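Here is the structure we will look at.
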Amino acid sequence: TSPDGGIQRYRLDVQAISEGVIVFSWDVTDEKETEILLREASQRWKEEAFQHEETIRKVLDSSLDGVQYFKSVRDDNGNIVDFEYVFSNRVACQIIGKEESEVIGESLLSLIPGHLDIVEEYGRSLFDLYREVVESGESRELLFHFEADGIVGWFSNKSVKLGDGFVVTFSLVTELVNKSQELERLNAHLQEEVQREIEKNREKDEALIQQSKLAAMGDMLSAIAHQWRQPLHAVLLGIELSREIVDKSWSSIPSSDQQE
């Protein structure tokens, strides 16, 4: 103990000699205090990091989207051959039907080998698409149908490179896609109905035009017939008058002259 009541710390080095021992001592009070301070600071940092991690976990678990973080698994040549689960939030675990303890530290392809299946919408597998994100550093947004390993549905997916791995956020959008497809079918049906109505109206218009032409032709023929009837009536009347005149003239001639 020091005169002021503090604690003094010494490091001792004891060496044996023929007459006894030699003791070497060093005052390491300052070094020990520094070590203690560093240990305490390290402990505080660990506690703060744990609190931050818990805060981030709670935020991610409150997300309506699935969130997962993977790190790359590489072979001896540096090629990406798989991905390892580092983090998976509550929604992601629900979608894939696994508990968090079942996925952390496991490989992506061992848990969901369907990631090697070709995605029809892109002509490549999800694994290949994720590998491109890590190797190129370019994020990617996807909309695709997945059906493998007990998981079925349409997914909206965005993946972003993080370190030697990637973070992916995704959501199940099957209902939205089904409604969109149904809307497209309704629009197509409506267009067909509109086209049919247009054709019907065109046919009606053509019929009305034809009727108008026939009516106009009928009026024209009536007018022509009327014009023909007028001179014909005059001729018939003249013939009738001539016949009456002849009959009267003939009746005034004596019968003897008529015989001659």
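None of the values given here were measured: they were computed from a predicted structure.
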Looking at the rings of His145 and Phe155, which for Trp means the six-membered one, are their centres under 6.0 Å apart? no
Look at the side chain of Thr174 and the backbone N and O of Trp154, then say whether any donor-acceptor pair between them is shorter than 3.5 Å. yes
Under the side-chain contact (heavy atoms from CB on, under 4.5 Å) rule, what do Phe70 and Val168 come out as? Steps first, then yes or no, please. CA-CA 8 Å; Phe70 298 88; Val168 59; 3.9 Å; yes
Can you tell me how far NZ of Lys204 sits from CD1 of Ile209, rounded to the nearest 0.5 angstrom? 14.5 Å
Any salt bridge between Arg202 and Glu199, counting N to O under 4.0 Å? yes
Distance, nearest 0.5 Å, that separates NZ of Lys98 from SG of Cys93: 10.5 Å
Regarding Ser88 and Gln68, do their side chains bring together a donor and an acceptor under 3.5 Å, going by distance alone? yes
Does atom CD of Glu175 have more than 12 heavy-atom neighbours from other groups under 6.0 Å away? no
Looking at side-chain heavy atoms only, is the closest gap between Asn157 and Tyr130 below 4.5 Å? yes
Would you check, one step at a time, whether the test side-chain contact (heavy atoms from CB on, under 4.5 Å) holds for Leu126 with Leu142? CA-CA 10 Å; Leu126 283 176; Leu142 306 172; 3.9 Å; yes
Whichever hydrophobic residues join Ile198 through chains of side-chain contacts under 4.5 Å: Leu190, Val194
Please examine the side chains of Ser159 and Arg140, heavy atoms only from C-beta on, and report whether any two atoms are closer than 4.5 Å. yes
Atom NZ of Lys161: over 12 foreign heavy atoms under 6.0 Å: yes
Determine, using the 4.5 Å side-chain heavy-atom cutoff (strictly less than), whether Tyr85 and Leu109 are members of one ILVMFWY cluster. yes
Give the minimum heavy-atom separation between Val152 and Glu147, together with the two atoms involved. CG2-CG, 3.7 Å
Any side-chain heavy-atom pair of Ile112 and Ile96 under 4.5 Å: yes
Taking the side chain as C-beta and beyond, is there a heavy-atom pair between Val160 and Val133 under 4.5 Å? no
Could you tell me whether a side-chain N or O of Asp65 sits under 3.5 Å from a main-chain N or O of Ala92, the two making a donor and an acceptor? no
CD/Glu192: more than 12 non-hydrogen atoms of other groups inside 6.0 Å: yes
Any idea which heavy atoms bring Ile118 and Ser125 closest together, and the distance? CD1-N, 4.0 Å
Taking the side chain as every heavy atom from C-beta outward, state whether Glu132 and Arg124 have any atom pair closer than 4.5 Å. yes
side-chain contact (heavy atoms from CB on, under 4.5 Å) evaluation trace for Phe170 with Val67: CA-CA 7 Å; Phe170 57 94; Val67 182; over 6 Å; no
For Arg131 and Asp128, run side-chain contact (heavy atoms from CB on, under 4.5 Å): C-alpha distance rounded to whole Å, both residues' side-chain angles, the deciding distance at 0.1 Å, then the answer. CA-CA 5 Å; Arg131 181 166 53 189; Asp128 289 335; 2.6 Å; yes
Run the side chain to side chain donor-acceptor pair (under 3.5 Å) test against Ser156 and tell me which residues pass, sequence neighbours left out. none
So that I know where these two stand, are Phe83 and Phe166 an aromatic pair - ring centroids less than 6.0 Å apart? yes
Given the options Asp164, Asp82, Asn79, Arg74 meets side chain to side chain donor-acceptor pair (under 3.5 Å) only with Asp164
Is the count of non-hydrogen atoms from other residues, nucleotides or ligands lying under 6.0 Å from Glu138 atom CD greater than 12? no
NE2 (His115) and CG (Leu129) are apart, to the nearest 0.5 Å, by 10.0 Å
Distance check, rounded to the nearest 0.5 Å: Leu64 atom CG versus Thr169 atom OG1? 12.0 Å
Smallest heavy-atom separation, Val167 atom then Tyr69 atom, equals CG2-CD1, 3.8 Å
Is the gap between the ring centers of Phe144 and Tyr122 under 6.0 Å? no
What pairs of residues pass the salt bridge (charged side-chain N to carboxylate O under 4.0 Å, His left out) test when at least one of them lies in residues 149-159, not counting sequence neighbours? Glu141-Lys158
Taking C-beta and beyond as the side chain, do Leu143 and Glu121 meet within less than 4.5 Å on heavy atoms? no
Looking at every heavy atom in both Ser72 and Ile80, which two are closest together, and how far apart are they? OG-CD1, 3.8 Å
Does some side-chain heavy atom of Phe146 sit less than 4.5 Å from a side-chain heavy atom of Val119? no
